[in-house]
2 protein chains.
Amino acid sequence: MNAQDLLKKYQLSVTDSRLSVLHIFMQSGGALSHSDIEGRLKGLHDRVTVYRTLQTFADKGIIHQIPTTDNAVLYALCKEDCAGGHHHDNHVHFLCTECEITTCLDDVMVPTVKLPRGFRQNDVKMVVTGVCKLCK
Amino acid sequence: MNAQDLLKKYQLSVTDSRLSVLHIFMQSGGALSHSDIEGRLKGLHDRVTVYRTLQTFADKGIIHQIPTTDNAVLYALCKEDCAGGHHHDNHVHFLCTECEITTCLDDVMVPTVKLPRGFRQNDVKMVVTGVCKLCK
DNA sequence: TTAAATTTGCAATATTGTTGCAAAATAATG
DNA sequence: CATTATTTTGCAACAATATTGCAAATTTAA
């Protein structure tokens, strides 16, 4: 699906900045931080606009956040079937200590864990740190 | 073990700020962010000192970081057997959406996952979101 | 084509984290 | 216990990251 249709699908106004950010995600394939995106926009849009765009996309379920072991917040495109409110992004994320790139391991599902009595589970996030395929 | 002995065990100077921060961790029981700690210190010590204290404790293995799905970095006391350089904090962390408190589920180990060919794993973090025992 | 609604960019401000350095506190020594 | 050496602290300055209000510009609806 192209960027314009994706925006319409989620009932969002089609604007330059939203298209740019979507294109950047589509081209990169991986997970990006706010500053990654800002860098690739080369000053085309304001920092604030990027923040708001990411927020909007996350609210709509177009992108999802990835927790990292350090400080940064990363975002990645949801799979097509993420639609309908709740995400299907329960795959493992991988952070390479060599190239510092975070990858979505789409084929590695997050295993279920048995919680102590009384805990109710909604969501699980899992981040593996190590050396990725390309840096090996 | 009391705070003072703990500091000596790790060959750290015993200072007011370190004792205060340790006490805060011991009383809270749960995971705390930098600003949690700063808040409870009520201006007793400088922001910078808190940063440095947390850094020192993390380096020595007295506390460990917990990745969260949002922005914040949380810290929690390591178990006694964390000593000797490498941590035994490979347990699951639980974030309650009601009380917003992060707990270490010490008895729930992070399951191992099989990574795609070529990926080498060093470390795994797992955060479960849901409703905790007390908020149920 | 025009009016209504939304989005953007700017400015200001808040929050979070880092660094250098002199003063203070702690540890080591006799 | 007193003195010296080492470490730690607090301040100031700074950098990076994030948020808010508001007028101008853009997009959508009519």
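Bear in mind that the values here come from a model prediction, so they are computed numbers and not experimental data. First the proteins, then the strands, lettered A, B, ... as listed; each starts at 1.
The separation between B:Lys8 atom NZ and C:dA27 atom P is 7 Å, rounded to whole Å. Atoms CD (B:Gln11) and C1' (C:dT26) sit 15 Å apart, rounded to a whole Å. For B:Asp16 and D:dT8, the CG to P distance is 14 Å, given to the nearest whole Å. Spacing between atom CG of B:Leu7 and atom C1' of D:dT7 amounts to 14 Å, rounded to whole angstrom units. Residue A:Gln4 contributes atom CD, which lies 13 Å from atom C1' of D:dT28 at whole-angstrom precision. Separating the OH atom of A:Tyr10 from the P atom of C:dT6 is a distance of 20 Å, rounded to the nearest angstrom. B:Leu32 places its CG atom 15 Å from the P atom of C:dT16, with the value rounded to the nearest Å. As rounded to whole Å, 13 Å separates atom P of C:dT7 from atom CG of A:Leu19.
Nearest to the side chain of A:Ser13, among C:dT7, C:dT18, D:dG10, sits C:dT7. The nucleotide whose nearest atom lies closest to any side-chain atom of B:Val48 is, among D:dT20, C:dT8, C:dT18, C:dT18. When distances are taken from the side chain of A:Arg47 to each of C:dT7, D:dC11, D:dA18, the shortest belongs to D:dA18.
Residue contacts shown for A:Ser35 are absent, as no nucleic acid heavy atom lies under 4.0 Å away. Contacts of B:Leu44 with the nucleic acid, taken as non-hydrogen atoms under 4.0 Å apart, involve only primed sugar atoms and P, OP1 or OP2.
For B:His45, no side-chain nitrogen or oxygen approaches OP1 or OP2 of D:dT9 to under 4.0 Å. The phosphate of D:dT9 (OP1 or OP2) has a side-chain N or O of B:Thr15 nearer than 4.0 angstrom.
How far CG of B:Leu6 is from CE of B:Met26: 5.5 Å, rounded to the nearest 0.5 Å.
With 3.5 Å as the limit, one finds no donor-acceptor pair spanning the side chains of B:Asp59 and B:Thr56.
The base of C:dG9 lies close enough to the side chain of A:Arg52 for a donor and an acceptor atom to sit less than 3.5 Å apart.
Aromatic ring orientation, B:His34 versus B:Tyr51: parallel (interplanar angle below 30°, classes split at 30° and 60°).
Along DNA chain D, the nucleotide nearest to B:Arg18 and the one nearest to A:Val14 differ in position, and the one closer to the 5' end is contacted by B:Arg18.
Between the side chain of B:Thr49 and the backbone N or O of B:His45, no donor-acceptor pair lies under 3.5 Å.
Heavy-atom minimum distance, B:Arg18 versus B:Leu7: CB-CD1, 3.9 Å.
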